[in-house]
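In what follows, a single structure is set out as structure tokens and then discussed.
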Amino acid sequence: GVGGAAVYVGDEHAADVPTYAAESYFRIGAGDVFAAAFAFAWGEQKMSAVAAADYAARCSAFFVNGPRLPLPSVDSLLPQQRMCAPKNKKVVVLGFGSLELETLLLHTAAWLTEYGCEPVVEVFKGEIAIPPDAPVLYVIGSEVPETEIRQRLVPAPTPRRSVVYWSEAESARAAAMFPGSYVTDDYSTALYHTLRMPEK
């Protein structure tokens, strides 16, 4: 998961294994890849449980960045950059769009709360005070005029730490409207990058 894995040997907590960096996050099957890679490394390659979990975490990062199978047979082709556990408790999710978008935001708020975050999730009207220490995810719904987005952004400029999910925009156009932001057309990837943002 986003927070890494805990390794137990018997009843003893042996280690925490962090996740590894991926540019995208295709989560369907990620747990299966982790389990299969761990079983291979621990059962077949006779690695220690901690080393096997670390190998499995790198395999998962490789897989979610695509998804890509088969896994590479050369260890050096697997991701090497570790990501620390998420430290962002406050997360702001601002939506631009329709009633359909509000349903997505309700589910997002419930998931973030269950994950242990303190989310501020709402359709953006321009009046919200964005906490300076919180990452922001902008969710742009379908058929929202760019003029409306620009107008609403005036009272609350884009924070330095923000992610933009916009399925219908060209990445260059979205990046110009939200300078310094990570822009993606995949919602899981957007949530992943929002939670992984380093602290200021």
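Note that CG of L105 and CD of E122 are 9.5 Å apart. Values are rounded to the nearest 0.5 Å. If you take OG1 on T189 and CG on L191, they are separated by 9.0 Å, rounding to the nearest 0.5 Å. Note that OG1 of T113 and CD of E118 are 9.0 Å apart. Values are rounded to the nearest 0.5 Å.
Side-chain rings of Y165 and Y138 stay apart, their centers remaining 6.0 Å or farther from each other.
Checked by atom type and distance alone, the side chain of S181 never pairs as donor or acceptor with a backbone atom of V183 at under 3.5 Å.
For the pair A56 and A37, the tightest heavy-atom approach, listed with the atom from each and the gap, is CA-CB, 3.8 Å. F63 and G29 get closest at one heavy-atom pair: CE2-C, 3.8 Å. Minimum interatomic distance between V121 and P119 (heavy atoms only, all atoms of both residues): CG2-CB, 3.7 Å. The minimum heavy-atom distance linking L78 with C59 is given by the pair CD1-SG, 3.9 Å. Of all the heavy atoms in F38 and A53, the pair that sits closest is CD1-N, 3.5 Å.
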- Apply the test side chain to side chain contact (heavy atoms under 4.5 Å, CB included) to residues V93 and L112: give CA-CA distance (whole Å), side-chain angles for both, the deciding distance (0.1 Å), then the verdict. CA-CA 10 Å; V93 181; L112 288 170; 3.9 Å; yes
Practice task
Could you go through the side chain to side chain contact (heavy atoms under 4.5 Å, CB included) check for V91 and L137 one step at a time?
Solution key: CA-CA 8 Å; V91 178; L137 169 59; 5.6 Å; no
Can you list the steps and then say if V163 with F178 is a side chain to side chain contact (heavy atoms under 4.5 Å, CB included)?
CA-CA 9 Å; V163 173; F178 295 88; over 6 Å; no
Audit row: I140, V164, side chain to side chain contact (heavy atoms under 4.5 Å, CB included) steps and yes/no | CA-CA 8 Å; I140 312 298; V164 178; 4.2 Å; yes
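F40 and Y55 have tilted rings, their planes meeting at an angle from 30° to 60° on a 0 to 90° scale.
Side-chain polar atoms of Y182 and T194 form no donor-acceptor pair below 3.5 angstrom.
With contacts defined as side-chain heavy-atom distances shorter than 4.5 Å, the pair Y20/D54 qualifies. By the 4.5 Å heavy-atom criterion applied to side chains, L71 and F62 are counted as neighbours. Side-chain atoms of V136 and L94, non-hydrogen and from C-beta on, do get closer than 4.5 Å to each other.
Counting heavy atoms of neighbouring residues, nucleotides and ligands inside a 6.0 Å radius, atom CD of Q45 exceeds 12 of them.
Criterion: ILVMFWY side-chain heavy atoms under 4.5 Å apart, direct or through other members. Under it, V139 and W111 are part of a common hydrophobic cluster. In the hydrophobic cluster analysis, where Ile, Leu, Val, Met, Phe, Trp and Tyr join through side-chain heavy atoms closer than 4.5 angstrom, Y8 is grouped apart from V17. V50 and W42 fall into different hydrophobic clusters, where Ile, Leu, Val, Met, Phe, Trp and Tyr are joined by side-chain heavy atoms under 4.5 Å apart, directly or via other members.
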